[in-house]
Amino acid sequence: MNDMTQTSGTLAPSRMAMVPFVSVDDMMRIVNRAGVAETIAAIADRIEADFLRWESFDKTPRIPAHSPDGVIELMPTSDGDRYGFKFVNCHPKNVRTGQQTVVAFGVLADVATGYPILVSEMTILTALRTAAMSVTAAKYLAPKDARVMAVIGSGAQCEFQSLAFHHLLGIEEVRLYDIDRTATEKAARNLAGTGLRIVPCATAEEAIAGAQIITTCTADKQMATILTDNMVGAGVHLNAIGGDCPGKTELHSDILLRSDIFVEYPPQTRVEGEIQQLDPDHPVTELWRVFSGQEPGRRSENQITLFDSVGFATEDFSALCHIHAAARETGFFTDLDMLADPDDPRDLFGMVQRAGGV
Ligand code: NAD
């Protein structure tokens, strides 16, 4: 109830209708208290568990609003008990004016009452969950002895991806390339002391030399060719996260034709992923089927596997559920007075009158 009742000389809403809000500062405190790698591991566990109950989720491709410079998207889902959505953008040109390419926030709500139970920043959380999803897919698809990963694109996602693959998949060396050398220098600085061997590279070709896993996380609003066909050898796992919007891809279509392609949710990936370049009925495997053992992941040493990552609503739902629990455990949140909740549920008008002293 947040009817303004006079108590001890102050007008204070009661805490009953308060919604926990995890700010950017709270998120950083939650993540640093547990550790970045540990947080990614915990989110990865939740993502995998939620993929294993794929049928329980309401699934819909995200809802985009395109403009010449970018896209704003809403990503809703529900498991019947909880409802969640994320607001996220992608504006590659933002970096030129000192702003993020991707920013996000999200909400978790109780389906039984419809009341929100969490509002959270999701820019950091998106990077954590994207790394968690990448590493979960790679667990089933990457060569078992993979020790070297190339990361093409040293922007906001780069270090999260690198750390996740180091801690959860045993990657020992990351080879970094970005068209902007200062971005690679930033990533190399941030990753120093993490136990990873960091090799900054002058070209994408140099970066992929000897890599068993290639992560592409570039941002450009066009059909880009970050990797050409001759750059991808047999046995490699491709973790392609940057092509996630109509007209925005990273891989030459010939690579796709040589790869076994794994996706989150085909109706969304066919529009947004690398496979927008292929026939609409080109065969792909849904990852939930691989996680549940219904379909094989990597089958042979020479196979090229491709996780055509676009990011799906259930992954954000899993991440929000993790943060909901972590915020309560740590106390790192503030209460938001965002639900009008009069003592008498039908007396909304009266609550406004009383607040005005009428
Ligand atoms: P960012 O803008 O911070 O970094 C992108 C980097 O790519 C920049 O440093 C840029 O210089 C570099 N780059 C651009 N073109 C390049 C090229 N041809 N070769 C090498 N480097 C190049 O963006 P970010 O937040 O790191 O996101 C990276 C991409 O990942 C974006 O396209 C974003 O939409 C996507 N993304 C996908 C998911 C998912 O779930 N699949 C989640 C988050 C972000």
Side-chain angles (χ1 to χ4, degrees), residues 1-30 42-43 46-47 49-50 53-65 72-89 103-126 128-129 312-358:
M1 305 282 165
N2 63 354
D3 221 341
M4 297 287 198
T5 40
Q6 189 101 28
T7 40
S8 328
T10 55
L11 283 175
S14 98
R15 293 174 66 90
M16 294 283 288
M18 293 292 176
V19 182
F21 168 57
V22 173
S23 66
V24 174
D25 195 45
D26 292 325
M27 183 64 73
M28 293 192 292
R29 290 201 287 168
I30 289 170
I43 294 173
R46 277 195 189 249
I47 286 177
D50 285 340
R53 56 185 192 107
W54 193 244
E55 312 288 358
S56 349
F57 284 92
D58 274 347
K59 293 178 285 295
T60 179
R62 60 183 155 202
I63 302 140
I72 295 174
E73 299 164 321
L74 285 180
M75 303 173 69
T77 190
S78 170
D79 69 352
D81 286 329
R82 286 171 170 185
Y83 171 92
F85 76 83
K86 179 168 86 172
F87 165 108
V88 64
N89 78 315
V103 291
F105 69 89
V107 171
L108 204 58
D110 172 33
V111 168
T113 60
Y115 272 38
I117 56 171
L118 177 71
V119 178
S120 178
E121 91 77 43
M122 287 194 78
T123 306
I124 298 165
L125 193 54
T126 293
L128 295 163
R129 81 85 159 109
F312 187 54
T314 62
E315 297 151 32
D316 297 307
F317 179 94
S318 310
L320 281 170
C321 289
H322 171 76
I323 289 303
H324 182 248
R328 284 208 299 216
E329 231 172 81
T330 57
F332 293 149
F333 65 90
T334 47
D335 280 327
L336 276 191
D337 180 21
M338 62 174 267
L339 302 177
D341 196 34
D343 294 342
D344 171 353
R346 286 161 302 189
D347 194 19
L348 187 63
F349 187 81
M351 185 179 82
V352 176
Q353 272 185 330
R354 285 188 290 283
V358 179

S.K.: Can you name the nearest heavy-atom pair linking P76 to F85, along with the distance?
M.R.: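 Minimum heavy-atom separation between P76 and F85: CA-CB, 3.9 Å.
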S.K.: With heavy-atom distances below 4.5 Å as the criterion, would you say the side chains of N89 and I72 are in contact?
M.R.: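 A side-chain contact exists here, since the closest heavy-atom pair is under 4.5 Å.
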S.K.: If we only count heavy atoms from C-beta on, is the M18 to D337 side-chain gap below 4.5 Å?
M.R.: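 SC-SC contact between M18 and D337 confirmed.
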S.K.: Might you point out which heavy atoms bring A42 and H322 nearest each other, and give the distance in Å?
M.R.: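 Looks like CB-CE1, 3.5 Å.
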S.K.: To the nearest 0.5 Å, how far apart are CD in E73 and CZ in F87?
M.R.: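 Here the interatomic distance stands at 10.0 Å.
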S.K.: Identify the heavy atoms of A327 and I30 that sit nearest to each other, and give their distance.
M.R.: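 Heavy-atom minimum between the residues: CA-CD1, 3.9 Å.
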S.K.: Restricting to non-hydrogen atoms, name the atom on C321 and the atom on R46 that form the minimum distance, rounded to 0.1 Å.
M.R.: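 Heavy atoms only, the tightest pair is CB-NH1, 3.5 Å.
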S.K.: With heavy-atom distances below 4.5 Å as the criterion, would you say the side chains of V24 and T123 are in contact?
M.R.: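 With C-beta onward as the side chain, the pair stays apart.
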S.K.: Give me the ring orientation class for F312 and W54: parallel if the planes are under 30° apart, tilted from 30 to 60°, perpendicular past 60°.
M.R.: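 Tilted, since the angle between the ring planes falls between 30° and 60°.
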S.K.: Kindly give the heavy-atom pair with the smallest separation between I117 and V19, and that separation in Å.
M.R.: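 Answer, listing the atom of I117 first, then V19: C-CG1, 4.1 Å.
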S.K.: So, K86 side chain and L320 main chain: donor-acceptor pair closer than 3.5 Å or not?
M.R.: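 Side chain of K86 to backbone of L320: no pair is present.
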S.K.: Please answer whether the main-chain N or O of S56 pairs with a side-chain N or O of D79 as donor and acceptor at a distance below 3.5 Å.
M.R.: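 It does not hold such a pair.
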S.K.: Pair R354, D347 - check salt bridge (charged side-chain N to carboxylate O under 4.0 Å, His left out), show working.
M.R.: CA-CA 11 Å; R354 285 188 290 283; D347 194 19; 3.1 Å; yes
S.K.: Are S120 and D26 side-chain neighbours, meaning at least one heavy-atom pair lies under 4.5 Å?
M.R.: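 They are not in contact (no side-chain heavy atoms under 4.5 Å apart), so the answer is no.
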S.K.: Quick check for you: to the nearest 0.5 Å, what is the distance between S23 atom OG and F332 atom CZ?
M.R.: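 Atom-to-atom, S23:OG and F332:CZ are 10.5 Å apart.
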S.K.: Regarding D50 and T314, do their side chains bring together a donor and an acceptor under 3.5 Å, going by distance alone?
M.R.: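 Looking only at side-chain atoms, T314 and D50 do not form any donor-acceptor pair under 3.5 Å.
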S.K.: Answer yes or no: is there a side-chain heavy-atom contact under 4.5 Å between Y83 and L108?
M.R.: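 A side-chain contact under 4.5 Å is absent here.
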S.K.: Are V88 and M122 close enough, and set up right, to give a side-chain contact (heavy atoms from CB on, under 4.5 Å), and what steps lead you there?
M.R.: CA-CA 8 Å; V88 64; M122 287 194 78; over 6 Å; no
S.K.: Quick check for you: to the nearest 0.5 Å, what is the distance between I124 atom CD1 and D25 atom CG?
M.R.: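 It is 9.0 Å, given to the nearest 0.5 Å.
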S.K.: For M338 versus P116, what's the shortest heavy-atom pair and its separation?
M.R.: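 Where M338 meets P116 most closely, the heavy atoms are CE-CG, 4.4 Å.
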